[in-house]
Amino acid sequence: MKIAFPLIDQKELAIDFAHSNYIGIFDDEKNKTDLLPIAGVEKNIGIEAFFDAMTSAGLNSVISPYYSFLALRVFKENNIETYKAMGTDLQDNIDHFKANSLKSFELYKSVTVSSCTKECSSCGPVCTEV
């Protein structure tokens, strides 16, 4: 099984796929995450071809703190399960996925915006859950 993540770098999730520098593809059989630069995906194969390639390569889940309505729609149309990340640490989210403790991302959350995706007080005295 392969799972995709929006990543800022090798270890930290971006808020969503539109704000990521990489797409991390975790392969549970190899227990390894490969990084695909976003610029390379858009330039070399195009985003539509990327989804087709990932679906045929076994991608069946994505984990992100947030999904735009459009991204959520594309994932759902391609039968890719969408999960809400718990924090922004990549390995923590992989562990939560393996433990089956992540929740599915709910549609209504894609039309509401919050100011913070981290489970800490780094964004101010009150941290709003996404």
Side-chain angles (χ1 to χ4, degrees):
M1 176 184 329
K2 295 182 181 175
I3 307 157
F5 298 86
L7 297 172
I8 293 173
D9 56 33
Q10 294 180 356
K11 297 180 180 182
E12 185 177 0
L13 272 66
I15 188 170
D16 62 17
F17 285 89
H19 293 90
S20 63
N21 296 324
Y22 304 94
I23 295 174
I25 306 292
F26 176 75
D27 186 330
D28 68 337
E29 291 179 12
K30 297 177 182 175
N31 199 33
K32 179 182 175 194
T33 303
D34 293 318
L35 299 181
L36 301 172
I38 291 291
V41 169
E42 292 173 350
K43 182 179 179 183
N44 296 330
I45 65 172
I47 204 70
E48 186 174 316
F50 169 76
F51 283 111
D52 291 341
M54 290 297 99
T55 302
S56 65
L59 178 70
N60 60 3
S61 301
V62 290
I63 299 171
S64 179
Y66 176 78
Y67 299 87
S68 69
F69 181 77
L70 180 59
L72 193 60
R73 179 179 166 202
V74 169
F75 290 132
K76 295 293 185 182
E77 286 175 354
N78 286 283
N79 296 316
I80 297 171
E81 295 291 325
T82 54
Y83 292 96
K84 170 127 175 54
M86 294 180 76
T88 58
D89 183 80
L90 175 61
Q91 188 59 52
D92 285 348
N93 280 285
I94 291 171
D95 293 342
H96 283 293
F97 182 82
K98 288 179 178 179
N100 202 26
S101 61
L102 294 176
K103 295 180 182 178
S104 293
F105 193 86
E106 299 174 17
L107 178 63
Y108 80 91
K109 289 193 176 194
S110 69
V111 294
T112 60
V113 177
S114 179
S115 60
C116 184
T117 61
K118 295 187 177 184
E119 295 173 4
C120 65
S121 60
S122 67
C123 54
V126 178
C127 194
T128 306
E129 182 182 341
V130 175

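This structure is a prediction, so every number in the text was calculated from the model and none was measured. Throughout, residue positions are numbered sequentially from 1 according to the sequence presented.
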Taking every heavy atom of Leu59 against every heavy atom of Ser61, the minimum-distance pair comes out as CD1-O, 3.3 Å

Does the side chain of Phe17 come within less than 4.5 Å of Ser64's, by heavy atoms?
yes

For the residue pair Asn60 and Asn79, establish whether any side-chain heavy-atom pair is separated by less than 4.5 Å.
no

Taking Glu12's backbone N and O only, do any of them form a donor-acceptor pair with Thr88's side chain (distance below 3.5 Å, no angle check)?
no

Look up atom CG in Leu102 and atom CG in Asn93, then write down how far apart they are to the nearest 0.5 Å.
6.0 Å

Decide yes or no on ring pair (Phe, Tyr, Trp, His ring centres under 6.0 Å) for Phe97 and Phe5, but give the supporting numbers first.
CA-CA 12 Å; Phe97 182 82; Phe5 298 86; 8.1 Å; no

Please indicate whether Lys76 has more than 12 foreign heavy atoms, meaning atoms of other residues, nucleotides or ligands, lying under 6.0 Å from its NZ.
yes

When hydrophobic residues are tied together by side-chain contacts of less than 4.5 Å, even through go-betweens, does Ile80 share a cluster with Tyr66?
yes

Between Asp34 and Lys32, does at least one N-O distance fall below 4.0 Å, as a salt bridge requires?
yes

Around atom CD of Glu77, are there more than 12 heavy atoms from other residues, nucleotides or ligands closer than 6.0 Å?
yes

Are any side-chain N or O atoms of Asp27 and backbone N or O atoms of Lys2, one a donor and one an acceptor, separated by less than 3.5 Å?
no

Are the side chain of Ser20 and the backbone of Ile23 linked by a donor-acceptor contact shorter than 3.5 Å?
no

Could you measure the distance from the CD atom of Glu29 to the CE atom of Met1? Nearest 0.5 Å is fine.
9.5 Å

Between Asp16 (side chain only) and Ala18 (backbone N and O only), is there a donor and an acceptor less than 3.5 Å apart?
yes

On a heavy-atom basis, the closest approach of Pro65 and Ala85 is N-CB, 3.5 Å

Just grab all the salt bridge (charged side-chain N to carboxylate O under 4.0 Å, His left out) pairs involving residues 90-100, residues at least two apart or on different chains.
none

Is any side-chain heavy atom of Ile3 closer than 4.5 Å to a side-chain heavy atom of Ile63?
yes

Please report the C-alpha distance between Asn21 and Leu7 in whole Å, then the side-chain angles of each, then the deciding distance to 0.1 Å, and finally whether the side-chain contact (heavy atoms from CB on, under 4.5 Å) criterion is met.
CA-CA 6 Å; Asn21 296 324; Leu7 297 172; over 6 Å; no

Side-chain touch Asn31/Phe26, heavy atoms, less than 4.5 angstrom
yes

Just how far is it from atom OH of Tyr67 to atom NZ of Lys84, taken to the nearest 0.5 Å?
9.0 Å

Output the distance between atom CG (Leu90) and atom CG (Leu13), rounded to the nearest 0.5 Å.
6.0 Å

Ile8 with Met86, same ILVMFWY side-chain cluster at under 4.5 Å
no

